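One structure is given here, and the rest of the page talks about it.
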Amino acid sequence: MSATMLGQITKNVTKGKKLYWVLLDPDDFSLHDAAMIARESQKCGADAILVGGSLLYSNHFDNFIQTLKKACTIPVILFPGDATQLSAYADALLYLSLVSGRNPSNLIGEHVKAAPIIKQTGLEPIPTAYMLIESGAVSSVEFMSNTRPLPRSKPELAAAHALAAQYMGMGLVYLEAGSGAQLSVPPELIAAVRKWVDIPIIVGGGIRDAVTAKEKLDAGADIIVTGNVLQKEDGISIMKDIAAEVRRQSKS
Ligand code: 1GP
């Protein structure tokens, strides 16, 4: 068993396993509903729960993470919008560098603010290349980070960014269309990134059904993230369908 979360993820992905991560924004759920979703996520075979948002309005972050940790045994991984979204109760955090943009705050500034706190909490930071992909409308990440997304019609440009991030030592690459995106990350772009990089590829934003999840996996994604779908009336049932599809595409 690999000692680190990144080690475990990389090992599983290298063996051909496909993973499914469920994203919860603390603003969108009560503690009661979050606990219920955490239990259901684990039951249907999700591999981890991500927690975060571009901007948090609620003030129950630590409580939220503790509630999830009590409700399930799958890892709870932070997906922070900025350096304030940290909690010692989580298992690890995606240490995100927004490499598609050219804003120094998202490339090093927030990281410097977070580093001493991460050290004190003992959280495992997972160096992750975060790449925002054009998706039909201005996303919260685009607005908040004041950066431009990569054009969806330029797969080779995205591949060059991902490769540069791998050369810089990042352990994961996250292709992000943005929460609730009209258009999810195009398969051609995922395939181009897959051709050039060896590190695990996460794809999220606008994935609302199992067919779309399969399209991303077929193109070369290793990890599927869904968030918004849980807000739908039949959200739990869609989550179960997506989890089943990810399992079907998984080699082990
Ligand atoms: C957003 O990639 C995630 O950061 C998930 O997006 O909410 O559209 O599923 P959705």
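Everything numeric in this text was worked out from a predicted model, so none of it was measured. Sequence positions, counted from 1, serve as the residue numbers for this chain. Just follow the structure's listing: the first ligand is 1, and inside any ligand the first atom is 1.
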| message | Suppose I only count heavy atoms of Glu176 and a 4.0 Å limit; which atoms of ligand 1 are within that range? | response | 1 (C), 2 (O), 3 (C), 4 (O)

| Quick check: are there more than 12 heavy atoms from other residues, nucleotides or ligands sitting under 6.0 Å from CG of Asn59? | no

| note | In terms of its nearest heavy atom to atom 5 (C) of ligand 1, the top option of Gly205, Ser135, Ala177 is Gly205

| message | One thing to verify: whether Lys113 and Asp82 come together as a salt bridge, which I'm taking to mean a side-chain N less than 4.0 angstrom from a carboxylate O. | response | no

| message | Does Asn146 have more than 12 heavy atoms from other residues, nucleotides or ligands lying within 6.0 Å of its CG? | response | no

| said: Counting only nitrogen or oxygen atoms and a 3.5 angstrom limit, does Leu23 reach ligand 1? | reply: no

| query | For ligand 1, which atoms, with element, lie under 4.0 Å from some heavy atom of Phe79? | reply | 4 (O)

| query | Does Gly206, backbone or side chain, put an N or O under 3.5 Å from an N or O of ligand 1? | reply | yes

| task | Please step through side-chain contact (heavy atoms from CB on, under 4.5 Å) for the pair Ile37 and Leu230, ending with a clear verdict. | result | CA-CA 9 Å; Ile37 292 168; Leu230 282 164; 3.8 Å; yes

| remark: Smallest heavy-atom separation, Ala213 atom then Ile242 atom, equals CB-CG2, 4.0 Å

| Proximity of Tyr174 to ligand 1 by residue part, where a heavy atom lies under 4.0 Å | side chain

| note | Note: Arg208, heavy atoms under 4.0 Å from ligand 1, region reported as neither

| Tell me: protein heavy atom nearest atom 8 (O) of ligand 1, and distance? | Gly180 N, 2.6 Å

| Does the gap between the ring centers of Phe79 and Tyr130 come in under 6.0 Å? | yes

| How far apart are the C-alpha atoms of Ile223 and Val203, what are their side-chain angles, what is the distance that settles it, and do they pass the side-chain contact (heavy atoms from CB on, under 4.5 Å) test? | CA-CA 6 Å; Ile223 304 169; Val203 176; over 6 Å; no

| Per-atom contacts, ligand 1 versus Ser179 - under 4.0 Å to a heavy atom | 1 (C), 6 (O), 7 (O), 8 (O), 10 (P)

| field | Heavy atom of the protein closest to atom 9 (O) of ligand 1 (residue, atom name, distance) | value | Gly227 N, 2.8 Å

| task | Only one of Ser58, Pro26, Ser30 passes side chain to side chain contact (heavy atoms under 4.5 Å, CB included) with Phe64; say which it is. | result | Pro26

| said: Please classify the Asn228 to ligand 1 contact at 4.0 Å (heavy-atom distances, strictly less than): side chain, backbone, both or neither. | reply: both

| message | Give the atom numbers and elements of ligand 1 that come within less than 4.0 Å of a heavy atom of Thr226. | response | 9 (O)

